[in-house]
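Notes to accompany the following structure.
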2 protein chains.
Amino acid sequence: MSEIETRNLIVEAATKFFSRYGFRKTTMDEIARHIHKAKGVLYYYFKSKEELFNEVLKQELNHVKAELSKITGSHEDSLAILKKYILTRLKLLSTAVNYHETIKADFFEKYDFVKDVRDDFARFEHIQLTHIMVKGKKEGYLDIRNIETNVNITLMLLNSIEIPLFLQNKFAEFEDTLKELATMVLNSLQKKRNV
Amino acid sequence: MSEIETRNLIVEAATKFFSRYGFRKTTMDEIARHIHKAKGVLYYYFKSKEELFNEVLKQELNHVKAELSKITGSHEDSLAILKKYILTRLKLLSTAVNYHETIKADFFEKYDFVKDVRDDFARFEHIQLTHIMVKGKKEGYLDIRNIETNVNITLMLLNSIEIPLFLQNKFAEFEDTLKELATMVLNSLQKKRNV
DNA sequence: AACTGACCAAAAAACTTTTTTGGTCAAATA
DNA sequence: TATTTGACCAAAAAAGTTTTTTGGTCAGTT
């Protein structure tokens, strides 16, 4: 079996178990058994359990990044893009259970080993939102003096509501409200003239 | 010693210990010793440790409520009131450590016994914000179609950011940004004419 | 009415034993 | 040479046990 195939099988199986049981409750042995291999082979492809989890998380977030990139790159106007971005981001992340685990860990043990992947995602989002807002300003839709500040506040809000939504399972309860939330964020950035 | 005096002494001492060590690590005996009384006397005034903590939390939140009421009742225009309300709310709650403990508990054990006090505070805030927004609409400052929805979103945001701010100790880091956040919320509700 | 101090059951903490698990590696396979 | 294996080990987690602490009670005192 080719190296890449086995590696993929491992990540696939790991994704299954990590998603269902979480990092701690998943054992390397059960991942190996699931693909009918000896446990040792996992260590041929991955340095440690932490690195394997890292890879799973990375792929989970890569999927989100790919979808969000599509939105940012589309040819709609920046208002529509921003609204779609916010709603899609929340929708996609709501199913990213390994990502949820890492934010939950912020209150407990801390998963230091996922810092790089999470930082990468944070940087990605910063770039995307900056891009959208610069575009919006150019097009005259958005009334933003300090783009950096507005990007940071928007990201802070988006990150903050993840906790009630994903960790306290209020996503279903708030799903409709989220549209209003997005509208509110748009509203706060939109170019208008004071009455 | 009069009944009310002793009761106050107990609550005062309890506040001290609960604030420093939290609900679980504080013992009824040390509270009693601190006021040079036998432990049994605590149970003359309070049904249980939980009820005593409840009283401490209640007073903590009553202080916040009192300050916020002053703001809501002031004679400034509704935009200024709303901005002050948001900033003061966050500032005051940032020092309410027993309140922090109860939101932290949402991720762990759950302190069911504080539900009433917290619900009461939530209702209070709902009323205050509704009042401010109704006033703002009447005065023509705010452009709000559905007040109920806007109140709920604003509260959801305020509640959400408590977690990074208070539990992950990012209050100092974000303190300056909060002003911008308040401005952003105001902006989203303010009456303007689309360009 | 307000308070005490001895008392108890239950829970938490501390300690011990047992089991599981992450990780290694020499040898086997391909 | 590139993969894979299975036995192996130290360390950690889990399970089990003992000891200590603590919330709560109550008969009796002030």
Side-chain angles (χ1 to χ4, degrees), chain A residues 1-57 98 101-102 104-105 107-114, chain B residues 1-57 98 101-102 104-105 107-114:
Chain A
M1 189 171 280
S2 80
E3 182 162 340
I4 188 73
E5 266 178 61
T6 305
R7 211 192 112 101
N8 285 344
L9 274 180
I10 292 171
V11 175
E12 207 177 293
T15 302
K16 214 167 243 165
F17 282 97
F18 284 140
S19 300
R20 178 122 62 250
Y21 303 110
F23 177 72
R24 270 186 51 198
K25 289 286 185 183
T26 296
T27 72
M28 293 298 264
D29 199 54
E30 66 187 340
I31 294 172
R33 280 196 321 262
H34 192 257
I35 58 169
H36 308 290
K37 291 264 160 77
K39 184 176 58 169
V41 81
L42 301 194
Y43 290 90
Y44 180 77
Y45 292 94
F46 297 93
K47 194 166 110 280
S48 64
K49 187 186 182 185
E50 300 190 348
E51 205 189 68
L52 178 53
F53 183 82
N54 223 22
E55 177 62 27
V56 168
L57 180 66
N98 294 298
E101 187 176 352
T102 67
K104 193 165 211 166
F107 298 97
F108 303 76
E109 321 98 304
K110 303 265 178 202
Y111 289 181
D112 294 332
F113 53 96
V114 297
Chain B
M1 187 171 284
S2 79
E3 183 163 338
I4 190 71
E5 266 178 60
T6 304
R7 210 192 114 102
N8 285 343
L9 275 180
I10 292 172
V11 175
E12 207 177 293
T15 302
K16 214 168 241 162
F17 282 97
F18 283 141
S19 300
R20 178 122 63 247
Y21 303 111
F23 177 72
R24 270 186 51 198
K25 291 284 186 185
T26 297
T27 72
M28 292 298 263
D29 198 54
E30 66 186 340
I31 294 171
R33 279 195 322 262
H34 193 257
I35 57 169
H36 307 292
K37 292 265 161 73
K39 185 175 57 168
V41 80
L42 301 193
Y43 290 90
Y44 181 77
Y45 292 93
F46 297 93
K47 192 166 111 281
S48 64
K49 186 186 184 185
E50 299 189 348
E51 206 190 67
L52 177 54
F53 182 82
N54 224 22
E55 178 62 28
V56 169
L57 179 67
N98 294 297
E101 186 176 352
T102 67
K104 193 165 211 165
F107 298 99
F108 304 74
E109 321 98 303
K110 302 265 179 201
Y111 289 181
D112 294 332
F113 53 96
V114 297

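In what follows, chains carry the letters A, B, and so on, assigned in the order in which the sequence lines appear, proteins first and then strands, with residues in each chain numbered from 1. It should be emphasised that the depicted structure is a prediction, and the values quoted were computed from it without experimental measurement. When reading the values below, keep in mind they use all heavy atoms of this one structure, side chains included, and skip hydrogens, waters and symmetry mates.
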Rounded to whole Å, how long is the line connecting atom CE of A:M28 with atom C1' of D:dC8? 17 Å
For A:D29 and A:G40, take the nucleotide of DNA chain C holding the closest heavy atom to each; which residue's nucleotide lies nearer the 5' end? A:D29
B:L42 CG to D:dC26 P: how many Å, rounded? 17 Å
Check if the side chain of B:K39 and the base of D:dG23 share a donor-acceptor pair of N or O atoms closer than 3.5 Å. yes
Among D:dG23, D:dT5, C:dG23, the nucleotide that comes nearest once only the side chain of B:T27 is considered: D:dG23
Whole Å only: how far is the NZ atom of A:K49 from the C1' atom of C:dG23? 12 Å
Does B:T6 have a side-chain nitrogen or oxygen under 4.0 Å from the phosphate oxygens OP1 or OP2 of C:dA2? no
Can you figure out which of C:dG22, D:dG23, D:dT4 approaches the side chain of A:Y45 most closely? D:dT4
Anything under 30° is parallel, anything over 60° is perpendicular, the rest tilted; go ahead and classify B:F108 against A:F108. tilted
Checking B:K49 against B:F23: charged group under 6.0 Å from the ring centre and within 45 degrees of the axis? yes
Measuring from atom NZ of A:K104 to atom CZ of B:F107, what distance do you get when rounded to the nearest 0.5 angstrom? 8.5 Å
Nearest-Å distance, NE2 (B:H36) to C1' (C:dT4)? 16 Å
When you compare the side chains of B:Y111 and B:E50, does any donor N or O come within less than 3.5 Å of an acceptor on the partner? no
Separation of C:dT21 P from A:F17 CZ (nearest whole Å): 12 Å
A:F53 and A:F17: aromatic ring centres closer than 6.0 Å? no
What integer distance in Å separates B:Y43:OH from C:dA1:C1'? 20 Å
If I take atom NZ in residue B:K37 and atom P in nucleotide C:dC3, what distance separates them, rounded to the nearest angstrom? 5 Å
Nearest-Å distance for atom pair OH/P, residues B:Y44 and C:dG5: 18 Å
Could you say whether A:R24 or A:A38 is positioned toward the 5' end of DNA chain D, judged by the nucleotide with the nearest heavy atom to each? A:A38
Would you tell me if any nitrogen or oxygen in the side chain of A:K47 comes within less than 4.0 Å of OP1 or OP2 on C:dT24? no
